[in-house]
> 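Before I ask anything, here is the structure I am working with.
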Amino acid sequence: MAPEGWSIAEVIKYRHETLRAFLTLIRVPEVAASRDACIMEHEISPETIEQIRHFVPPRQGYPDFRIT
């Protein structure tokens, strides 16, 4: 995969993990949270994902992921 492809994949993975973590935080069942995160990750704006990050605890693998 080209470097640009890896970069895009990392963004999508980051969005998915953020959304899934947020959905489970608000008590959406794990299966539904994962499924819904797959749908949402492709359309969510960068501004919205950044705001959601404020509600989700830091995750291993994302050292820059901080609650501010």
Side-chain angles (χ1 to χ4, degrees):
M1 185 181 299
E4 184 177 302
W6 282 110
S7 178
I8 292 168
E10 284 294 318
V11 168
I12 296 298
K13 178 182 177 188
Y14 177 77
R15 288 179 180 186
H16 179 86
E17 289 295 318
T18 300
L19 290 165
R20 188 190 55 72
F22 177 71
L23 292 170
T24 56
L25 183 69
I26 61 170
R27 301 193 188 274
V28 174
E30 186 70 35
V31 172
S34 186
R35 179 188 62 234
D36 292 344
C38 284
I39 296 165
M40 297 165 69
E41 71 195 21
H42 296 282
E43 299 296 328
I44 196 165
S45 72
E47 296 84 7
T48 300
I49 202 73
E50 290 303 314
Q51 291 304 313
I52 289 172
R53 288 178 59 191
H54 294 286
F55 294 97
V56 179
R59 300 281 307 214
Q60 187 176 30
Y62 295 108
D64 65 331
F65 197 97
R66 303 279 186 257
I67 297 173
T68 57

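In this text the structure is predicted, and so the values were computed from the model without any measurement.
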> Give, for atom CG of D36 and atom CD of E41, the distance between the pair rounded to the nearest 0.5 Å.
11.0 Å
> Are side-chain heavy atoms of L23 and M40 found at a separation under 4.5 Å?
yes
> Using modelled atom types and a 3.5 Å cut-off, is there a donor and acceptor pairing between side-chain atoms of S45 and backbone atoms of T48?
yes
> If we only count heavy atoms from C-beta on, is the V56 to L19 side-chain gap below 4.5 Å?
no
> Is the CD atom of E4 crowded by more than 12 outside heavy atoms at less than 6.0 Å?
no
> What distance do R15 atom CZ and R53 atom CZ have between them, rounded to the nearest 0.5 Å?
12.0 Å
> Listed by chain and number, what are the side-chain contact (heavy atoms from CB on, under 4.5 Å) partners of S34, not counting sequence neighbours?
H16, R20
> Are I49 and F55 connected in a single hydrophobic cluster, I mean Ile/Leu/Val/Met/Phe/Trp/Tyr linked by side-chain heavy atoms less than 4.5 Å apart?
yes
> If you group Ile, Leu, Val, Met, Phe, Trp and Tyr by side-chain heavy-atom gaps below 4.5 Å, do I8 and W6 land in one group?
no
> Measure the shortest side-chain to side-chain distance between I44 and I52 over non-hydrogen atoms and say whether it is less than 4.5 angstrom.
yes
